[in-house]
Amino acid sequence: MLDPSMFKSLLDNLHEGVYYVDCTRQIQYWNKGAERISGFTAEEVVGKHCFDNVLIHVDGQGNSLCHGKSPLAATVEDGVERQTRVYLHHKDGHRVPVSVSIAPIRDANGKIVGGIEAFHDDTSVMSVLKQLEDLRQTADLCALTGTANRDYITRVLLQRLTELKERNETLAVLFIDVDHFKSVNDRFGHAVGDVVLKMVARTLLGAMRSYDCLGRWGGEEFVAVMPALKPIHLAETGERLRMLVETSSASITNGMACTTVSIGACMAWPEDTLTTLVARADQLMYESKNGGRNRVTVDTSRH
């Protein structure tokens with residue numbers, strides 16, 4: 001029979017994150033995989049409850065899952081195993097998409113005494129790493145945010161526009177601007193501003209598909225190029241990105257840094273040029289700004 005230390009060693013060597021809670025949802029165990037994916041060490045979370053300021057799961061619509069009846073709490077209550085996809089809150093502030101599997105833990109008499117959750121990073125890790133490595137080698141990487149720089153995103157846009165004309169494929173462009181960023185720099189300094197930019201960039205990158213491309217256009221502006229996205233899904237996609245940024249937060253010296261983004265999203269058409277496409281997305285972003293910020297303005301009509 002394996003002793004407890006052997007079980008712990010086995011769990012710590014899993015690629016997946018694994019943690020165990022008792023019936024009060026107090027975290028009793030946190031493996032090395034959970035540390036790697038979330039950024040939180042076992043010392044920082046063991047003894048806390050899963051609804052404390054740790055993972056702060058949200059679903060695809062931005063609903064908090066760690067307060068009230070979370071999937072883990074439901075399993076501890078009814079004993080039903082569950083699988084779902086959520087966005088956890090990384091220690092650095094950004095959101096990470098994860099697939100989770102939840103199961104009840106029972107004692108020798110069959111009584112539920114807690115629950116175990118296993119989760120793995122649901123981003124397209126290998127393709128993202130390859131893309132970042134390619135960018136590093138060609139000096140097309142924004143060193144601060146880890147996204148493509150403006151030159152690279154411009155080339156991608158031109159390439160996608162050519163494909164659009166030749167193959168009649170769909171292409172969406174989102175212009176994303178961090179709200180009140182000048183005020184953040186003026187009030188807290190550029191170091192905090194850099195933290196905010198990195199948090200936003202990593203959150204957005206985590207929500208991209210493997211064949212999407214995100215680039216820093218300039219300052220606090222980002223452009224997302226999303227091929228093969230149907231017009232009917234554009235508003236939903238923009239809203240998901242907006243929500244994930246809104247629910248991100250990073251620790252700073254005097255508290256937590258939070259922000260929102262204003263997004264302009266449009267479809268590209270065969271008659272578009274780089275200039276007309278970016279200008280249209282930019283104008284839609286300003287409509288979001290003028291409408292109160294922290295919102296998405298979408299145009300799928302053909303001009």
Side-chain angles (χ1 to χ4, degrees), residues 39 53 56 58 62 87 89-96 132 135 140-154 156-157 172-208 212-226 234-235 237-266 277-299:
N53 191 27
I56 324 176
V58 297
Y87 296 85
H89 178 249
H90 192 277
K91 183 180 179 180
D92 289 341
H94 57 281
R95 287 283 171 186
V96 179
L132 291 178
L135 291 175
D140 284 324
L141 183 74
C142 170
L144 175 64
T145 64
T147 65
N149 63 19
R150 181 165 178 163
D151 287 343
Y152 184 85
I153 204 72
T154 297
V156 169
L157 274 168
V173 172
L174 289 79
F175 203 103
I176 306 164
D177 186 271
V178 180
D179 294 327
H180 301 295
F181 187 70
K182 184 178 184 302
S183 297
V184 172
N185 276 335
D186 291 346
R187 183 177 178 184
F188 300 106
H190 289 280
V192 172
D194 288 350
V195 168
V196 168
L197 284 178
K198 287 188 285 188
M199 177 183 72
V200 170
R202 295 192 68 179
T203 294
L204 294 173
L205 283 170
M208 296 283 143
D212 295 331
C213 189
L214 179 73
R216 186 180 180 189
W217 195 250
E220 68 275 23
E221 299 171 335
F222 296 89
V223 168
V225 182
M226 308 186 81
L234 183 56
T237 299
E239 180 60 24
R240 177 168 52 86
L241 297 180
R242 182 208 63 77
M243 172 276 299
L244 289 173
V245 172
E246 183 185 30
T247 59
S248 300
S249 58
S251 297
I252 56 175
T253 303
N254 298 318
M256 301 295 289
C258 305
T259 193
T260 59
V261 291
S262 295
I263 300 177
C266 65
L277 179 57
V278 173
R280 192 160 71 251
D282 188 30
Q283 179 57 41
L284 291 166
M285 182 274 294
Y286 274 107
E287 290 182 27
S288 292
K289 292 281 189 187
N290 295 333
R293 295 181 171 85
N294 190 26
R295 60 184 61 201
V296 182
T297 303
V298 175
D299 183 6

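Below, all heavy atoms of this structure are taken into account, side chains as well, without hydrogens, waters or symmetry copies.
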Quiz item: Looking only at side chains, do Thr247 and Arg95 share a donor and an acceptor under 3.5 Å apart?
Solution: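 Their side chains do contain a donor-acceptor pair, which is all the 3.5 Å distance test asks for.
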Got a second to check how far [X]'s [atom1] is from [Y]'s [atom2], nearest 0.5 Å?
| X | Y | atom1 | atom2 | value |
| --- | --- | --- | --- | --- |
| Leu241 | Ile263 | CG | CD1 | 5.5 Å |
| Met199 | Thr259 | CE | OG1 | 6.0 Å |
| Thr203 | Lys198 | OG1 | NZ | 13.0 Å |
| Thr147 | Leu141 | OG1 | CG | 7.0 Å |
| Arg150 | Glu221 | CZ | CD | 8.0 Å |

Quiz prompt | Partner of His190 by side chain to side chain contact (heavy atoms under 4.5 Å, CB included), out of Val195, Asn185, Leu197 | solution =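 Looking at Val195, Asn185, Leu197, the match for His190 under the side chain to side chain contact (heavy atoms under 4.5 Å, CB included) is Asn185.
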Self-check item: Identified side chain to side chain contact (heavy atoms under 4.5 Å, CB included) counterpart of Met243 within the set Val296, Val58, Val261, Asn294
Solution: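 By the side chain to side chain contact (heavy atoms under 4.5 Å, CB included) criterion, Met243 pairs with just one of Val296, Val58, Val261, Asn294: Val58.
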Donor-acceptor pair, [X] side chain versus [Y] backbone, under 3.5 Å?
| X | Y | result |
| --- | --- | --- |
| Ser288 | Thr297 | yes |
| Arg202 | Asp92 | no |
| His90 | Val96 | no |

Quiz prompt | Asp177 and Glu220, any side-chain heavy atoms less than 4.5 Å apart | solution =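 Side-chain contact under 4.5 Å: yes.
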Taking all non-hydrogen atoms of both residues into account, name the closest pair between [X] and [Y] and its distance.
| X | Y | answer |
| --- | --- | --- |
| Ala235 | Val298 | CA-CG2, 3.8 Å |
| Met208 | Ala224 | CE-CB, 3.9 Å |
| Ser262 | Lys289 | OG-CD, 3.6 Å |
| Leu174 | Met226 | CD1-SD, 3.5 Å |
| Cys213 | Tyr152 | SG-CE2, 3.7 Å |
| Leu234 | Ala172 | CD1-CB, 3.8 Å |

Practice problem: Using the side-chain contact (heavy atoms from CB on, under 4.5 Å) rule, take Leu144 and Arg216 through it: C-alpha gap first, then chi angles, then the decisive distance, then the call. | Solution: CA-CA 10 Å; Leu144 175 64; Arg216 186 180 180 189; 3.8 Å; yes
Exercise. Decide side-chain contact (heavy atoms from CB on, under 4.5 Å) for Ile153 and Trp217; before the verdict, give the C-alpha distance in whole Å, the side-chain angles of both, and the deciding distance to 0.1 Å.
Key: CA-CA 8 Å; Ile153 204 72; Trp217 195 250; 3.4 Å; yes
